[in-house]
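Notes for the one structure printed next.
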Amino acid sequence: MKTVTLPDGEKVPALGQGTWMMGERRDRRAAETAALRAGVELGMTLIDTAEMYGDGAAETLIAEALGGVRDQLFLVSKAYPQNASRKRLVSACDASLQRLETDRLDLYLLHWRGSVSLGETIEAMEALKRVGKIRHWGVSNLDTADMEELVAAGGGACVTDQILYNLSRRGPEHDLLPWLEEHAMPVMAYSPVEQGRLLADPALAHVARSVCATSAQVALAWTLRRDGVLAIPKAGTVAHVRENRAAAELVLSNDDLAALDGAFPRPRDRRPLEML
Ligand code: NAP
């Protein structure tokens, strides 16, 4: 499996597993559990979740599905902005740890920016790191100016920005991706298949047919084409997980990339970071 390197040199798989909307429906639980386990067996050991997902239900599902292989995982969770204060981050983190049935998170993210100052959140994250409850911290949905502000506020230890980035959301290529690359911070691309909406696109399907792959695989391979970008698709079935895993081995040619550029051009002007 291709890897991405964190600022401290630690390597994580370039393809992980998202969990938004998982753990919420009893009739899907067995399939979701099997999907997460299959993904880990195939090397997709980076698992992304959040206290928000199903009000903790996704974290509980992860514990149930993957508790036995905890030490193989790189577990990522996220805190609500209203919990990102000195006072509240400890209890939000403790609650996530309890639901995940673990003693540490590998990465803890601020889910999006709220009214708590970035400086206070940095302090709260660093305090969690000192006591060993988290190994790294980062942010999500922060645009370039927010990242500048974060670093100026003492947040140089941030390891990633998790953002909406896929074929139909190329705005970050203007300045956010170059900024993150310059600061050696990998990008975690969320909704890499645009929650399934990309998959009906005829131009994407055309490229997929020409490389004997599926639309999902081409969309994922496109996201992974840049060094320093990792993708976290959510898949609720073993079949989708297997299909996605194979995308990490798919290398698109310059012609394929040109065809995709034609169908999904980068926006001409800079635009604010989008989020879902
Ligand atoms: P996504 O991964 O782009 O799309 C998920 C959808 O695509 C599901 O409906 C899934 O169906 C389908 N899918 C996956 N693989 C497929 C395949 N090979 N063939 C056909 N359909 C496939 O969207 P997402 O869940 O929004 O994003 C991924 C993860 O990023 C989330 O789960 C979450 O962990 C994270 N995220 C973070 C933020 C943030 O603000 N930081 C926001 C959004 C998402 P099945 O379930 O049926 O497989």
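One is the number of the first residue; the rest follow in order along the sequence. One-based numbering, in listed order, for ligands and for the atoms of each.
Among Lys234, Glu243, Arg197, the residue whose heavy atom lies closest to atom 2 (O) of ligand 1 is Lys234. Scanning Met22, Glu194, Met52, His240 for the heavy atom closest to atom 22 (C) of ligand 1 points to His240. Looking at Leu109, Thr237, Leu110, Asn244 and measuring to atom 15 (N) of ligand 1, the nearest heavy atom belongs to Asn244. Selection from Leu199, Thr19, Val241, Val76 by nearest heavy atom to atom 21 (N) of ligand 1 gives Leu199.
If you look at Tyr108 and Trp137, their ring centroids are not closer than 6.0 Å.
Among all protein heavy atoms, the one lying closest to atom 39 (C) of ligand 1 is Tyr190 CE2, 3.3 Å. Distance from atom 36 (N) of ligand 1 to its nearest protein heavy atom, with residue and atom name: Tyr53 OH, 3.3 Å. Among all non-hydrogen protein atoms, the one lying nearest atom 7 (O) of ligand 1 is Val193 CG2, 3.6 Å. Atom 24 (P) of ligand 1 has its closest protein heavy atom at Ser191 OG, 3.6 Å. Nearest protein heavy-atom contact of atom 32 (O) of ligand 1 is Trp20 N, 2.8 Å. For atom 40 (O) of ligand 1, the nearest protein heavy atom (residue, atom name, distance) is Asn141 ND2, 2.9 Å. Scanning the protein for heavy atoms near atom 34 (O) of ligand 1, the closest one is Asp48 OD2, 2.6 Å. Of all protein heavy atoms, the one closest to atom 28 (C) of ligand 1 is Ile232 O, 3.0 Å.
Ala208 and Thr214 get closest at one heavy-atom pair: CB-C, 3.5 Å. Shown here for Asp146 and Arg113, the closest heavy-atom pair between the two residues is OD1-NH1, 2.8 Å. The heavy-atom pair separating Ala219 from Leu167 by the smallest distance is CA-CD1, 4.2 Å.
Open room surrounds CZ on Arg26; 12 or fewer heavy atoms of other groups in view lie less than 6.0 Å from it.
Ionic pairing of Asp261 and Arg170 is present here: one or more N-O contacts between side-chain nitrogen and carboxylate oxygen are shorter than 4.0 angstrom. A salt bridge is absent between Glu32 and Arg29: the closest approach of a Lys/Arg side-chain nitrogen to an acidic carboxylate oxygen does not fall below 4.0 angstrom. At a threshold of 4.0 Å, the pair Glu181-Arg226 counts as salt-bridged, since one of the basic side-chain nitrogens sits closer than that to a carboxylate oxygen. Between Glu51 and Lys78 there is no salt bridge, since no side-chain nitrogen of the basic residue lies less than 4.0 Å from a carboxylate oxygen of the acidic one. Of the charged side-chain nitrogens involved, none lies within less than 4.0 Å of a carboxylate oxygen, so that Glu101 and Arg70 do not count as a salt-bridged pair.
Set against the non-hydrogen atoms of Gly236, the atoms of ligand 1 under 4.0 Å away are 45 (P), 46 (O), 48 (O). Every atom of ligand 1 with a heavy atom of His111 under 4.0 Å away is listed here by number and element: 39 (C), 40 (O), 41 (N). Close approach to Ala216 involves these atoms of ligand 1, each under 4.0 Å from a residue heavy atom: 17 (C), 18 (N), 19 (N). Within ligand 1, counting atoms from 1 as listed, the ones closer than 4.0 Å to a heavy atom of Pro233 are 2 (O). Of all the atoms in ligand 1, the ones that sit under 4.0 Å from a non-hydrogen atom of Lys78 are 41 (N).
For Trp112, the closest heavy-atom approach to ligand 1 does not fall below 4.0 Å. By the 4.0 Å heavy-atom criterion, Gln195 is counted among the residues contacting ligand 1. The closest approach between any non-hydrogen atom of Met188 and ligand 1 is not below 4.0 Å.
Screening Gln17, Gln162, Lys234 against Asp48 for a side-chain hydrogen bond (donor to acceptor under 3.5 Å, both in side chains) leaves a single residue, Gln162.
For Thr60 and Arg99, the side-chain atoms include no donor-acceptor pair closer than 3.5 Å. Counted by atom type alone, Thr5 and Glu10 present zero donor-acceptor pairs between their side chains at under 3.5 Å.
Proximity of Pro192 to ligand 1, defined as any heavy-atom pair under 4.0 Å, is shared by backbone and side chain alike.
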